[in-house]
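These notes are about the structure you will find just below.
Within every chain, numbering begins at 1; the chains are lettered A, B, ... in the order of the sequence lines, protein sequences first and strands thereafter. None of these values were measured; they are calculated from a predicted model.
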Amino acid sequence: MPTNGEIADAFTLLGDLLELDGAVRHRVLAYRRGAARVRSAPGSVAEMALAGRATDLPDIGATLQAKIVELAQTGSIAALEKARERTPEGLVRLARLEGLGPKRAMAVWTALGVTDIEGLRAAVEAGRLGEVPGMGPATVAQVTAQLADPAAGEAGAERVSLGLALPQAEDLARELRAVPGVRRVEVAGSLRRGRETVHDADIVVAADDPAAVAAALEASPLVAMSAGGGDQRRAVMTHPGLRIEVAVAPPERFGNLLQHATGSARHNVRLRELALRRGLSMSEHGLTAGDGTVTVHADEAEVYAALGLAWIPPELREDRDELAVAAEGRVPRLVERADILGEIHVHSDWSDGRVDMATMAAAARDRGYRYIGIADHSQSLAMTRGLTPDRVKRQWEAIDALNAQIEGITVLKCTEVDILADGRLDFDDDLLAGFDLVVASLHSGLRATGAEGTARVLAAVEHPHVDAIGHPRGRMMGRRDGLQLDIEAIAERAAATGTLLEINGQPRRLDLDSDLARTALAAGARLLLSSDAHGPEDLWFLDLALRVARRAGAGPEDIANTRPPADWRA
DNA sequence: GCCGTTTTCGGCCCGACTGTTTTCAGTCG
């Protein structure tokens, strides 16, 4: 049975090949919309299609459903194979290079016979790219620069974690707020929507004089180089290599610009379609009526209100069902930073943390937490100085002493106990019973494929002493995707046993991700937010986990951290 | 290829910017 990801990949490729072949634009877009819809669907779309129910999903019609059935039953799609014969697949990567696109990629093929990246490299080295009609020196230089990267044109190349991009964007936003004449500055785009990875950052600025903003960018110590732009938008590159787009509008239409720049693109398309049905043309410049009068909005909520919609949290603007929900005024109350009372998965220098428990507890108190759970590693994880049972008991004594001395916060005796290869835990039950709370995590066998990962996680979920599963999938961005978990099965058992599933806020983990978390919530499970901090400066990673939870649609009642642990079982 | 507060056919979001242009197509977000 093909996974949603495999179906989505097939549709994406088919759309790309059709686009190169010059197919009608909206047919191409239909495949891309279908791919996105399948990819984010909570259950198996192949099973739905075999039951004739995939057409219940928006953007999936009879034709796409038939192709999903074909893929499930034969392992391939005839239309995709035909498209591959007609158009070399390597051109897809060419078309992804900046400055190229489907038209120019095809022109390169026609003029030079180049069908893949390697062929393009050879053509560039031979100085022949400029022979292609429509390719001037600027485009040749742009393409040549990208070819130095071995991953040039690969899908998803150069996506960076939310946790690495967000601080850079916020630092620049803070600088811009101090510029004379600047009234408001917000981080927008996929960062504002809380996407786990982004390929650039967007900042919007309310100011009457765009030139002052441009000058400030030019002078900023955070900026390595300017990356072009005009009066309304400028792009810069930070020293770590993040591209940040800065858009400027006068304060009276800041709401229109913020809404536009936040996206998602699909959400905005739906919004503009809705506007058209009401006789309004919508853009970042405002709402234009049929007689040409333009209405502008200083605040974003006014834009939605002008279309008869309640304001929609940015994390939900992904073209699921949010417009219908907002039209009915049923927008959910998502979990917020102020709801968070504490967390139970941070480390100390008893294992691989950088500071002692008292320092961590004081830092947690400074964030307004009422409790903090020290969850150091268990004995099997030797490289982290995992605790033996003897050291666990000494740590408990130290925590008792700390609680007697520290004020304003309660320190909890927790552990991040390893789930061993056979699904058993790294401590025996007697010892586990002595902890306030037990987080069980996988740290080995994370490249396994198939069902064994699910079985190990399920064994831990069923364990009577386990309160939460840490970073369930075990992904590490840029290194491994982690396990292919049957998250529905896990979440159902987690709901039945009262076991929490963690959203780990480490920038390279963000695990569960928002799609898995959304599915887990639908199956009735509750979530635990963790920074997995190894020092005080990591505690803000919890804010990243919070964004992921909001993207999953989680409200305060879905998140354990909004309550004291004493309430969790109830 | 999808879809319906104009529709089962004929539409399908909107604008900025760039480069190669002799008036605009292609790309990008």
With the side chain of [X] defined as its heavy atoms from C-beta on, choose the nearest nucleotide among [options].
X      : options                : value
A/R233 : B/dG1, B/dT27, B/dA16  : B/dA16
A/D202 : B/dC17, B/dC12, B/dG29 : B/dG29
A/H260 : B/dA16, B/dG29, B/dG1  : B/dG29
A/T139 : B/dG15, B/dG19, B/dC12 : B/dG19
A/T63  : B/dG19, B/dG1, B/dC17  : B/dG1
A/E273 : B/dG29, B/dC12, B/dC2  : B/dC12
A/H285 : B/dC28, B/dG1, B/dG15  : B/dG15
A/A30  : B/dG19, B/dT27, B/dG1  : B/dG1
A/P102 : B/dT27, B/dG19, B/dC14 : B/dT27

Expressed in whole Å, how much space separates the [atom1] atoms belonging to [N] and [M]?
N      : M      : atom1 : answer
B/dT6  : B/dC14 : P     : 16 Å
B/dG1  : B/dT8  : C1'   : 14 Å
B/dG29 : B/dT23 : C1'   : 25 Å
B/dT27 : B/dT21 : C1'   : 15 Å
B/dA16 : B/dG11 : C1'   : 25 Å
B/dT18 : B/dC12 : C1'   : 27 Å
B/dC17 : B/dG10 : P     : 38 Å

### Check ion pair A/R551-A/D515 (N to O, under 4.0 angstrom)
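No, this pair does not count.
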Rounded to whole angstrom units, what separation is found between the [atom1] atom of [X] and the [atom2] atom of [N]?
X      : N      : atom1 : atom2 : value
A/L57  : B/dG1  : CG    : C1'   : 15 Å
A/R266 : B/dC2  : CZ    : C1'   : 12 Å
A/E131 : B/dT20 : CD    : C1'   : 17 Å
A/M106 : B/dG26 : CE    : C1'   : 15 Å
A/L274 : B/dC3  : CG    : P     : 17 Å
A/R96  : B/dC28 : CZ    : C1'   : 15 Å
A/D56  : B/dC3  : CG    : P     : 11 Å
A/R277 : B/dT6  : CZ    : P     : 8 Å

Contact class for [X] vs. all strands (heavy atom < 4.0 Å): base, sugar-phosphate, or nothing?
X      : value
A/G263 : nothing
A/G189 : nothing
A/L18  : nothing
A/R104 : sugar-phosphate
A/A138 : sugar-phosphate
A/L100 : sugar-phosphate

### Position toward the 5' end of DNA chain B (nearest nucleotide), A/V140 or A/L276
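Per heavy-atom nearest nucleotide, the more 5' residue is A/L276.
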### Message
Reading DNA chain B from 5' onward, which residue's closest nucleotide shows up sooner: A/A105 or A/Q65?
### Response
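By nearest-heavy-atom nucleotide position, the 5'-most residue is A/Q65.
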### A/R337/A/D543 under salt bridge (charged side-chain N to carboxylate O under 4.0 Å, His left out): CA gap, chis, key distance, verdict
CA-CA 7 Å; A/R337 174 65 176 81; A/D543 300 344; 3.4 Å; yes
### Message
Taking salt bridge (charged side-chain N to carboxylate O under 4.0 Å, His left out) as the definition, give me every residue that meets it alongside A/R53, ordered by chain and number, with sequence neighbours left out.
### Response
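Salt bridge (charged side-chain N to carboxylate O under 4.0 Å, His left out) check on A/R53 returns nothing, list empty.
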### Task
Please determine, by modelled atom types, if A/D538 and A/Q506 share a side-chain donor-acceptor pair under 3.5 angstrom.
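There is no such pair between these side chains.
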### Task
Using both distances under 3.5 Å as the test, list the Watson-Crick or G-U wobble partner of B/dT8, or none.
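Base partner found: none.
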### Query
Would you find more than 12 non-hydrogen atoms of other residues, nucleotides or ligands less than 6.0 Å from A/Q484 atom CD?
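Incorrect, the count does not exceed 12.
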### Task
Just do the side chain to side chain donor-acceptor pair (under 3.5 Å) check on A/Y31 and A/E19 with the steps written out, would you?
CA-CA 10 Å; A/Y31 277 107; A/E19 182 178 46; over 6 Å; no
### Query
Checking salt bridge (charged side-chain N to carboxylate O under 4.0 Å, His left out) for the pair A/R193/A/E318: CA distance, chi angles, key distance, verdict?
CA-CA 9 Å; A/R193 302 199 313 280; A/E318 297 292 343; 2.7 Å; yes
### Task
Look at A/H199 and B/dG29 and indicate whether a side-chain polar atom (N or O) is within less than 4.0 Å of OP1 or OP2.
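So the side chain of A/H199 is within the cut-off, an N or O lying under 4.0 Å from OP1 or OP2 of B/dG29.
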### Message
Determine whether A/E186 and A/F254 satisfy the following criterion, side chain to side chain contact (heavy atoms under 4.5 Å, CB included), listing intermediate values before the conclusion.
### Response
CA-CA 10 Å; A/E186 296 290 341; A/F254 180 73; 3.8 Å; yes
